[in-house]
Amino acid sequence: MTDSPQSPSLASSASPALESLLDEARSLRWEVGTSFHEELIEAIYTDAARIADRAVRRPDRKPRFDIDRSIDRLLTSRLWGFPAMFLLFTLIFWITISGSNIPSGWLSYVLVDRLTPLLRSAADALSFPWWLRGFLVDGMYLATAWVVSVMLPPMAIFFPLFTLLEDFGYLPRVAFNLDRLFRKAGAHGKQALSMMMGYGCNAAGVVSTRIIDSPRERLIAIITNNFSLCNGRWPTQILIASLFIGSLVPAYIAGVVSALAVVGVVMLGVFLTFAVSWFLSRTVLRGEVSTFSLELPPYRPPRILQTIYTSLIDRTLIVLWRAVVFALPAGAVIWLISNIPIGGTSIAGHLVGILDPVGLLIGLNGVILLAYIVAIPANEIVIPTILMFTVLITGAQGVGAGAGVMFETDSETTLRSIFQSGGWTVLTAVNLMLFSLVHNPCSTTIYTIYKETGSWRWTAVATLLPVGMGVALTFFVTQVWRLAAGF
Amino acid sequence: MPDPLVALLVGGGVLLCGILCIWPRGGILGLRRRLRRLSTRVLVEDALKHIADLEIKNQNASAQTVAGVLQISDGRTARLLADMEQRSLVSFHEGRLRLTSKGREYALHIIRTHRLYERYLADVTGLSHSEWHRRAEAIEHRLSPRETEALSLRLGHPTHDPHGDPIPTAAGEIGPQQGQPLTSLPVDQPARIVHLEDEPETSYAQLIAESLWPGMEVWVLERDPQRIRFLAGGEEHVLAPSLADSITVEPIAEEQARGPRCEPRLSSLKPGQKGIVCGLSLACRGNERRRLLDLGFVPSTPIQVEMVSPAGDPTAYLVRGTLIALRREQADLIHVRPAPETAEQTAAAAGTGDGTGPEASGAR
Amino acid sequence: MNPEPAAAHTPSAEACESCALFRASQLKKLGVILEDWDHVIALAGNPNVGKSTVFNSLTGLRQHTGNWPGKTVTRAEGGFEYGGSRYKIVDLPGTYSLLSTSVDEEVARDFILFGQPDVTVVVADASRLERNLNLVLQILEITDRVVLCLNLMDEARRRGLELDARRLARDLGVPVVPAAARQREGIPELLAAISDVAEGRAICRPHRLRTESPVLSRAVTGLEEKVRAALPDLPNPRWVALRLLDGDERIAEALRSGELARLGSASASRAAASSAPGEMPEDGRETTREEGSA
Ligand SMILES: Nc1nc2c(ncn2[C@@H]2O[C@H](COP(=O)(O)OP(=O)(O)OP(=O)(O)O)[C@@H](O)[C@H]2O)c(=O)[nH]1
Ligand SMILES: [Mg+2]
């Protein structure tokens, strides 16, 4: 990267007049000495100070109380800095998880339970052929309805909360607190900022690494950005955590425990970020840590209503729109491959059969792997796809209106029973959460990585490294679990 | 479903193999790097460089020293030198190894490229000094004379590398290394560091850890056979004479010297303390220097230490009304002097507080 | 809203409240619709001073904002219509100076230098004026057509700072508009200032740096003459000389490749096309308006 001096153009087509001008400049540079730049900046600052002095009148009284410093004293204190960080993020997840249950239920009641039969009968009334009805209603519409009902509530709570934190000015403090760790891993403290942008969307996170001025550390930040759960993966985590982990404990602490499970996965992501950064900076991206400077802005009281409004309109709806755009064709594809039989079994059935042995070895199953392949364009549709395939394979009746049809998910119990009929255990859930954290980035992110690095090699590393790690991680977790469980 | 124990063992084995392959040393990656280094051309060029280096210092190279520097066997060295003699790059003169004029030209090109590239890394990129040598070692074998010329042009034909070594000119001339070792400097004679020997790496690292830098002023305070005590960059240093020998200094006139002024570094201030920036250290170059200047660390700027990260490292400083966090290494590069405590400055530095009525000026 | 919009350039003849309202009604936010525009506006400034907030209130778009430096890292474009002209406005990443060290700053710098904006609006943090003036003064070296937007006035007030925008305008030689973009305060005045500069109604006489040391100024002046001789159309030969002396490779490269020469001729033809502003007033650096416009 920095290795080539970008061979300055000797053979440029500059006119002789220009060349002599440049030569002159070069020899003058010798004369004025190396401190030219410094003298210039000093001159600018002197001027600036003079002008500012004339234009600004400062208060005569000394300020009695500096609220910014008091907040900083708490949020970056030796004792409270890290616990405060942990508590803040746990609080956000807890509010998201416990707050999104109820609206999720409503939405699926309206969109799935009520509207689907209506649409089906409407299609019948218009005398659609069965395959067209299945394709449109049971495939495309249901996939979309499901995505909306499972994604909208958590996003609508999570994004505004996160944006409030961002507008308040907390994010640079996180970078400030974590820089030491990043440095130990051979990375740049501002990677914390791009990491947090990754919590919204990895593609945005990858672009935001532009603020890192050293190319080596920027590359590290790009490759590890995938370990920040993006909005396509939050719903998976939140849903699986509340279905399987939360249900292990009494109901009154279920919310907190599920939140902690999600926080655990996030922390694992942070840990992997450090570990992979460390590994990269000692192997392929060897080098010294470079400089770090970060401006810590003043805290600004966020404008709560406006923030909620804009992040609802912008982030939530845009994310949802993206999910829907991908869910529509995916729903159609899923319906098709589940309903086109080859030799008595559907295409999906064959594929699942092929993937099953690998899936089981890493504690997942063929359905989940197939879903991850279908969902390369968008992580958002992983769970709907898994649900639909599970019903197809197990032929679970009574929960949906037939094989390959997305079904009503009115309550958690039904969902859990579908998963359990697919042979799921707590181990499967844990592995799914892990694999959802550690697998390849979505196609948009891959393309963004290519654009930002300009190299297929690094793009391949950033894509394949997490898949390999994910497979290894789930494999070892599964085998150790089975060994411990004694079967 | 396989037995978990077997699966674990097999999986662990596969993982281990994978890690072994890509481990930096001993792995496939490291192996490739070493193979590249051992290619004959690189060896020839490194040998030439070594011989030229000793010739400049008026010392003699021999097959032993070549083998030692290149870390290859004596047999291989003998073959290498024979090959070089055949290409009339070196000659054996009265049992001594000498460069021919062709060999010298070649060697000076390599040295020129190395030093220019170090200069490029120091001034243009923000890479840390510990990277310069390693990267230059690799690049010196790759640039053609034309590319080296372009590099020199781009840098404005510098005369010295960042360690203070003279850069040979394109015509193959190399300026003499001026100065004397620090150990021979009389007490209380002001001098300026002109060169730091960058080999061996460990002693160079020690000098860097002391934040010594070409261009710095030194005053020897005390000298005895065990140690030498001197002031440099506003700080007191104590070194063993063997290490101090790799510092070359040039005496300067008393009136030119800035005096043995003590300028503490920014990193030595405690939270809550104030200071005034007196300048950036010479070790701070290129982008890093520009960035610090842009952030407002210019001479005579009041500065206050605000808070330290809970992890202990970056520290936030209040500079011109804004909090800027810097790592310790960078704070080391900024020299400050204690600030006179006045009420006005505290007010200016703190900058926040309760409002005093709406802004009324500026309206027509 | 501030009952007395503190715009340095506001003509005293008009009643301020009504004119602010009147102006606001002239603004038509065009979002990203950008077919043909009459003027290109660049939004430059230090990081985290509210550039994107200003951009949003002018275009009606919702460019992401956030309270940390480095939120915007790419260029964003939008449009608005005001006083019968269509404007394309470009939101840029924040930058501390025109010497970039990271990719986002390069984006900003390249647009300011080579994007040929008709007006560069420099957004500055009113409560940290001195630090922000560093960039302002650098930009004033490059181009005459600058409007300084003193944003975050509410914060400056809260800190008890009093800013004399007229004084500042006189010292800098460009229009200065105090604003609090988040509260939409000062936006009408900013629009008026932008259109004045874009249409050539306000003539700027920007502050130029003085170098103290005689060696430096001799070198700068000498080189400036050479630059002027080599590229007569260039609007800012002195600045190019400064950059060359500073060893700025990007500028040397732009000279070699002819990029600067193209810029020079473009700006020359633009100056010819717009009504020539005539003689510049000798005494004051104060911005002037031609009578009867607006
Ligand atoms: N109090 C107050 N806050 C403001 C004002 N204008 C902007 N802000 C806040 O300042 C912060 C930064 O605003 P942005 O518009 O993102 O700043 P920017 O200059 O685009 O920042 P970069 O893109 O990082 O360079 C946000 O939290 C805004 O809400 C204002 O007039 N008053
Ligand atoms: Mg912005």
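Basis for what follows: all heavy atoms, side chains included, without hydrogens, waters or symmetry-related copies. We name chains A, B, ... by the order of the sequence lines, and we start the count at 1 in each one.
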Working note: Leu137(C) + Ile51(A), criterion side-chain contact (heavy atoms from CB on, under 4.5 Å); need CA distance, chi angles, decisive distance, verdict. CA-CA 10 Å; Leu137(C) 292 177; Ile51(A) 295 173; 4.2 Å; yes
Stepwise, does the salt bridge (Lys or Arg N to Asp or Glu O under 4.0 Å) test hold for Glu105(C) with Arg210(A)? CA-CA 9 Å; Glu105(C) 287 187 316; Arg210(A) 290 182 176 197; over 6 Å; no
Using the side-chain contact (heavy atoms from CB on, under 4.5 Å) rule, take Leu161(C) and Arg58(A) through it: C-alpha gap first, then chi angles, then the decisive distance, then the call. CA-CA 5 Å; Leu161(C) 302 177; Arg58(A) 302 184 178 284; 3.8 Å; yes
Might you work through the side-chain contact (heavy atoms from CB on, under 4.5 Å) test for Leu223(C) and Leu21(A), ending with a clear yes or no? CA-CA 8 Å; Leu223(C) 200 58; Leu21(A) 173 69; 4.1 Å; yes
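Other residues, nucleotides and ligands place more than 12 heavy atoms under 6.0 Å from the CZ atom of Arg50(A).
With a threshold of 4.5 angstrom between heavy atoms, Ile212(A) approaches chain C through N, CA, C or O but not through any side-chain atom. In this structure, the portions of Ile44(A) lying under 4.5 Å from any heavy atom of chain C include both its backbone and its side chain. Contact annotation for Leu135(C): neither backbone nor side-chain heavy atoms come within less than 4.5 Å of a heavy atom of chain A. Contacts between Glu141(C) and chain A at a heavy-atom distance below 4.5 Å are absent for every atom of the residue. At a 4.5 Å heavy-atom cutoff, the contact between Thr74(C) and chain A is made by backbone and side-chain atoms alike. For chain A, the nearby parts of Leu244(C) are the backbone and the side chain; heavy atoms of each come within less than 4.5 Å. Only the backbone of Tyr299(A) comes within contact range of chain C, with heavy atoms under 4.5 Å apart. Heavy-atom distances place both the backbone and the side chain of Val227(C) under 4.5 Å from chain A.
With hydrogens and angles disregarded, a donor-acceptor distance shorter than 3.5 Å links the side chain of Asn67(C) to the backbone of Pro298(A). Under a 3.5 Å cut-off, the side chain of Arg303(A) and the backbone N or O of Arg182(C) do form a donor-acceptor pair.
The two residues Glu130(C) and Ala48(A) have their closest heavy-atom pair at O-CB, 3.6 Å.
A heavy-atom distance below 4.5 Å is not found between the side chains of His64(C) and Thr310(A). In this structure, the side chains of Arg167(C) and Val56(A) stay at 4.5 Å or more apart for every pair of heavy atoms. Side-chain contact between Trp68(C) and Ile211(A): present, with at least one pair of heavy atoms (C-beta onward) separated by less than 4.5 Å. Between Leu22(A) and Lys226(C), every side-chain heavy-atom pair lies at or beyond the 4.5 Å cut-off. Between Arg57(A) and Leu163(C) the shortest side-chain heavy-atom distance does not fall below 4.5 Å. Side-chain contact between Met197(A) and Lys71(C) is present, with at least one heavy-atom pair separated by less than 4.5 Å.
Per-residue heavy-atom pair counts under 4.5 Å with chain A were compared for Glu155(C), Arg218(C), Gln138(C), and the maximum is reached by Glu155(C). Contacts with chain A were tallied for Val107(C), Asp104(C), Asn48(C); Asp104(C) has the most, counting heavy-atom pairs under 4.5 Å. Contacts with chain A were tallied for Ala230(C), Pro69(C), Ala126(C), Pro47(C); Pro69(C) has the most, counting heavy-atom pairs under 4.5 Å. No other option in Leu171(A), Thr307(A), Leu193(A) has as many heavy-atom pairs under 4.5 Å with chain C as Leu193(A). Of the residues considered (Val73(C), Val136(C), Thr72(C)), Val73(C) shows the highest number of contacts with chain A, using heavy-atom pairs under 4.5 Å.
Remark: the Tyr96(C) side chain and the Glu295(A) side chain contain an N/O donor-acceptor pair separated by less than 3.5 Å.
We find that Asp171(C) and Arg54(A) are joined by a salt bridge, their nearest charged nitrogen and carboxylate oxygen being less than 4.0 Å apart.
The line from CG of Leu18(A) to CG of Leu231(C) is 5.5 Å long, rounded to the nearest 0.5 Å.
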